[in-house]
Undergrad: 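Pasting in a structure now, in structure tokens, and then I'll have a few things to ask.
Each chain gets a letter, A, B and so on, in the order the sequences are listed, and its residues count up from 1. No experiment lies behind these values; they were computed from the predicted model shown.
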There are 2 protein chains.
Amino acid sequence: MAKPNIPDIVVSRLPLYLQTLNHLLREGEEVISSEELSEQVGIPAVQIRKDLSYFGGFGVKGKGYDIIHLIDSLRSILNLNQIWPMVIVGVGNLGQALIRYQGFARQGFEIVLALDINPKIIGTEIAGIVVQDVGLMESELKRSDIRIALLTVPANAAQSTADALVANGIKAILNYAPIILKLPEGVRVANIDPVLKLEHLTYYLS
Amino acid sequence: MAKPNIPDIVVSRLPLYLQTLNHLLREGEEVISSEELSEQVGIPAVQIRKDLSYFGGFGVKGKGYDIIHLIDSLRSILNLNQIWPMVIVGVGNLGQALIRYQGFARQGFEIVLALDINPKIIGTEIAGIVVQDVGLMESELKRSDIRIALLTVPANAAQSTADALVANGIKAILNYAPIILKLPEGVRVANIDPVLKLEHLTYYLS
DNA sequence: AGAAACTTGTGATTTCAATCACAACTATTA
DNA sequence: TAATAGTTGTGATTGAAATCACAAGTTTCT
């Protein structure tokens with residue numbers, strides 16, 4: 001349903017708004033102006049309004065935005081009115097930490113399949129998930145509707161693993177390996193590499 | 001020494017170039033053209049050249065870039081010709097995984113201090129680091145030259161912990177908590193929140 | 001040696017995102 | 001009720017980043 005004419009950079013800010021609105025809701029707020037939201041989220045009010053206006057008019061002039069309604073709208077826009085099952089490949093230190101991380105499930109993302117190549121790890125249970133042999137990727141993915149993968153394998157295995165995931169129907173990859181994946185059109189990748197962020201930070205340190 | 005006139009978005013791409021150049025060097029390459037680098041890194045060749053030209057002329061016309069020389073230059077620009085000691089606050093699942101992660105040290109970032117508030121975790125040793133009481137933050141940071149912090153505490157403790165870190169001389173924070181930190185000018189924050197990235201991805205899924 | 005191919009570095013141009021400015025509407029105050 | 005203050009949504013404008021186009025230099029080929 002994603003209208004292709006909306007700038008990606010606009011889409012990228014919506015989750016941020018949603019996160020902040022959820023905080024405000026938990027604090028008991030019911031209505032918020034773009035100006036107040038701006039202070040919380042650190043983005044100019046006019047930009048928030050313009051971003052939202054790509055998708056419709058969610059506010060009331062003179063009043064502001066109904067938080068519950070805006071949260072609902074954003075969740076709908078971002079396709080979050082469903083549980084997204086995910087596979088994780090690579091159950092090392094980081095993979096285990098991600099399987100145990102509560103924040104995914106809290107926002108509707110559930111790791112339902114964990115794969116690894118290491119015989120010592122295969123068969124172990126982590127937070128209710130039994131790690132499977134990565135060789136079972138095809139059969140396990142075939143009988144599921146998993147479209148999102150977390151990639152936490154070593155850098156030298158990342159590209160081939162990503163290729164295999166895509167060959168088995170994965171459409172979005174959250175890549176934790178410190179390499180740039182080359183994937184076909186239609187597959188979306190988001191990279192999480194703390195070292196790149198640190199190197200960006202050190203530019204500004206002295 | 002960061003020239004303040006260089007766009008931050010340009011700076012943010014330099015670590016990516018550095019990462020890819022390191023891969024190429026390991027594969028035995030010695031010289032590379034911006035066009036070849038472009039294919040590896042997924043950024044247009046002319047943009048790479050323009051980015052680099054902010055800092056000087058590193059290439060040779062008709063030939064390309066000497067990889068070793070360009071790596072050296074980028075490392076110098078990004079202040080990577082030193083070991084950066086770091087503190088991590090919050091030694092839960094994620095914190096432990098980050099302490100064990102080899103990728104930091106490999107690029108010159110070393111976690112030298114780990115703090116937590118949980119008595120069951122304080123005193124335990126992880127990858128050679130003994131976890132200290134977070135109450136010792138002031139004294140431990142005072143006698144160190146740590147300027148970078150990894151923040152891996154729960155969301156509700158993140159702001160106050162960040163404030164304490166800044167009060168004790170921390171100038172850069174890699175924030176893993178799913179909230180937006182409000183910090184004074186001069187302190188730089190980079191956020192790592194996989195949920196935001198996932199929510200961005202799902203926009204494009206059906 | 002001369003010609004052709006290759007590649008960088010950058011001023012000029014184009015494209016895209018951010019900001020401004022304000023009409024339209026709502027709520028509040030006197 | 002009328003006047004004032006508050007707020008959204010958006011066309012117009014500005015600003016910044018990406019791209020184009022090409023001069024200048026290097027290498028390779030004949």
Undergrad: Identify, with sequence neighbours excluded, every residue that meets ring-ring contact (aromatic ring centres under 6.0 Å, His included) alongside B/Y17.
TA: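 With neighbours one apart ignored, the set is empty.
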Undergrad: Nearest to the side chain of B/V46, which nucleotide is it out of C/dG9, D/dA17, D/dA21?
TA: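 Closest nucleotide to the B/V46 side chain: D/dA21.
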Undergrad: Under 4.0 Å: is that the gap between some side-chain N or O of A/S34 and OP1 or OP2 of D/dT8?
TA: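 The answer is yes; a side-chain N or O of A/S34 sits under 4.0 Å from OP1 or OP2.
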Undergrad: Can you tell me the distance, in whole Å, between the CG atom of A/L37 and the P atom of D/dT7?
TA: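 Those two atoms, CG and P, are 13 Å apart.
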Undergrad: D/dA17, C/dT10, C/dA17: which one has an atom nearest the side-chain heavy atoms of B/S53?
TA: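 Of D/dA17, C/dT10, C/dA17, C/dT10 is nearest to the side chain of B/S53.
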Undergrad: Identify, between A/G62 and B/G56, the residue whose nearest nucleotide on DNA chain C lies closer to the 5' end.
TA: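 Residue closer to the 5' terminus by nearest nucleotide: B/G56.
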Undergrad: Assess, by modelled atom type and distance only, whether the side chains of A/Q159 and A/D163 contain a donor and an acceptor separated by less than 3.5 Å.
TA: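 A/Q159 vs A/D163: donor-acceptor pair found between side chains.
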Undergrad: Establish, with yes or no, whether the OP1 or OP2 oxygen of C/dC20 is under 4.0 angstrom from a side-chain nitrogen or oxygen of A/R49.
TA: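 No, outside the criterion.
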Undergrad: Expressed in angstrom and rounded to an integer, what is the separation of A/K50 atom NZ from D/dT7 atom C1'?
TA: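 Interatomic distance, NZ of A/K50 to C1' of D/dT7: 17 Å.
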Undergrad: Just how far, in rounded Å, is P of D/dT27 from CD of B/E30?
TA: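 Spelled out: CD on B/E30 to P on D/dT27 is 15 Å.
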Undergrad: Ignoring hydrogens and angles, are the base of C/dT8 and the side chain of B/K63 linked by a donor-acceptor pair under 3.5 Å?
TA: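 Not at all, since no donor on one side and acceptor on the other fall under 3.5 Å apart.
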Undergrad: What does A/V60 touch in the nucleic acid at a heavy-atom separation under 4.0 angstrom: a base, only the sugar-phosphate, or nothing?
TA: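 Counting heavy atoms under 4.0 Å across all strands, the contact made by A/V60 is with sugar-phosphate only.
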Undergrad: Identify which nucleotide among D/dC20, D/dG11, C/dT8 has an atom closest to any side-chain atom of B/K61, counting heavy atoms from C-beta outward.
TA: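 The listed nucleotide nearest to B/K61's side chain is C/dT8.
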Undergrad: Rounded to whole angstroms, how far apart are OH on B/Y65 and C1' on D/dT27?
TA: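 Distance, rounded to whole Å: 17 Å.
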Undergrad: Got a second to check how far B/Q96's CD is from B/I129's CD1, nearest 0.5 Å?
TA: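 Interatomic distance, B/Q96 CD to B/I129 CD1, rounded to 0.5 Å: 13.0 Å.
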Undergrad: Please give, in whole Å, the distance from D/dT8 P to A/E36 CD?
TA: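 Checked: the CD to P distance equals 9 Å.
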Undergrad: Measure from CD1 on B/I9 to P on C/dC16 and round the result to the nearest Å.
TA: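 In whole Å, C/dC16 P lies 14 Å from B/I9 CD1.
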Undergrad: Atom CD of A/Q47 and atom C1' of D/dT10: how far apart are they, to the nearest Å?
TA: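 Nearest whole value for this atom pair: 15 Å.
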Undergrad: Does a donor on one side chain sit under 3.5 Å from an acceptor on the other, for A/Y204 and B/D8?
TA: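 Per modelled atom types, A/Y204 and B/D8 side chains form a pair under 3.5 Å.
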Undergrad: Starting at CD of B/E35 and ending at P of D/dT26, how long is that distance when rounded to a whole Å?
TA: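 Between P of D/dT26 and CD of B/E35: 21 Å.
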Undergrad: Once rounded to the nearest 0.5 Å, what's the spacing between atom CG of A/L74 and atom CD of B/E199?
TA: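 Answer rounded to 0.5 Å: 9.5 Å.
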